[in-house]
Undergrad: 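Shown below is the structure under consideration.
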Amino acid sequence: MGQDEARGIRDTDLEKVRARYGLLAVAGSNIAITAVAVFGVWQLNGDRAVIVGVLTSAFTAMASLTTAYLGIKAVSNTAQSMSKEAGRQQDADRQQDAGRHSPARPALEGEAVQADGGPGAEPSGTPTVPAPATPTTAP
């Protein structure tokens with residue numbers, strides 16, 4: 001197993017642990033908020049206006065906490081998958097560059113430019129302009 005594979009496994013395991021403990025923290029917080037709200041409602045002895053306020057606040061806190069966790073987790077997963085894809089693309093680019101025998105260099109004066117990207121090739125997307133015709137004098 002290569003170093004990159006071992007690092008990938010460790011990163012995956014680390015993300016699983018983070019997800020588990022993050023979810024555990026959110027669930028524990030929601031349970032604590034629920035317990036405090038239930039205790040508060042029980043102590044209010046039927047004052048409906050205050051009970052509605054307590055329950056609304058508890059529900060808002062739970063929804064905000066859960067939404068924040070899920071939003072942060074979604075952004076984290078997206079960023080991680082994008083960085084992995086970028087790493088794969090860089091590896092593919094490095095392998096492609098390693099397969100070339102000679103690095104690109106500018107064309108020397110009078111040297112032909114190869115169409116396949118060899119020495120002196122124009123960057124892709126650059127229009128090819130024909131050389132101007134040299135006028136010749138009549139004999």
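We use all heavy atoms of the structure for the numbers below, so side chains are in, but hydrogens, waters and symmetry mates are not. Note that the coordinates shown come from a computational prediction; the quantities given were computed from them, not determined experimentally.
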Undergrad: With hydrophobic residues grouped by side-chain heavy-atom distances under 4.5 Å, do Val17 and Leu24 end up in a single group?
TA: yes
Undergrad: Provide the closest heavy-atom pair for Ile33 versus Ala58 in the form atom of the first, atom of the second, distance.
TA: CG2-O, 3.6 Å
Undergrad: Let me confirm one number: the OG1-CG distance from Thr60 to Leu55, rounded to the nearest 0.5 Å.
TA: 10.5 Å
Undergrad: Look only at the side chain of Ser76 and the backbone of Ile72, and say whether a donor-acceptor pair between them is shorter than 3.5 Å.
TA: no
Undergrad: Would you kindly confirm whether Phe39 and Val54 end up in one hydrophobic cluster when ILVMFWY residues are joined by side chain heavy atoms under 4.5 Å apart?
TA: no
Undergrad: Going from CE on Met62 to OG1 on Thr66, what distance comes out if it is rounded to the nearest 0.5 angstrom?
TA: 6.5 Å
Undergrad: For Arg20 and Glu15: C-alpha separation, side-chain torsions, deciding distance, then whether side chain to side chain contact (heavy atoms under 4.5 Å, CB included) applies.
TA: CA-CA 9 Å; Arg20 283 185 191 131; Glu15 284 301 315; over 6 Å; no
Undergrad: Main chain of Ala61, side chain of Ser64: is a donor-acceptor contact present, judged purely on distance under 3.5 Å?
TA: no
Undergrad: How long is the gap from CG on Leu23 to CZ on Arg18, to the nearest 0.5 Å?
TA: 15.5 Å
Undergrad: Can you tell me how far CG of Asn30 sits from CG of Leu65, rounded to the nearest 0.5 angstrom?
TA: 5.5 Å
Undergrad: Could you tell me which non-hydrogen atom of Val52 sits nearest to which non-hydrogen atom of Thr56, and how far apart they are?
TA: O-OG1, 2.7 Å
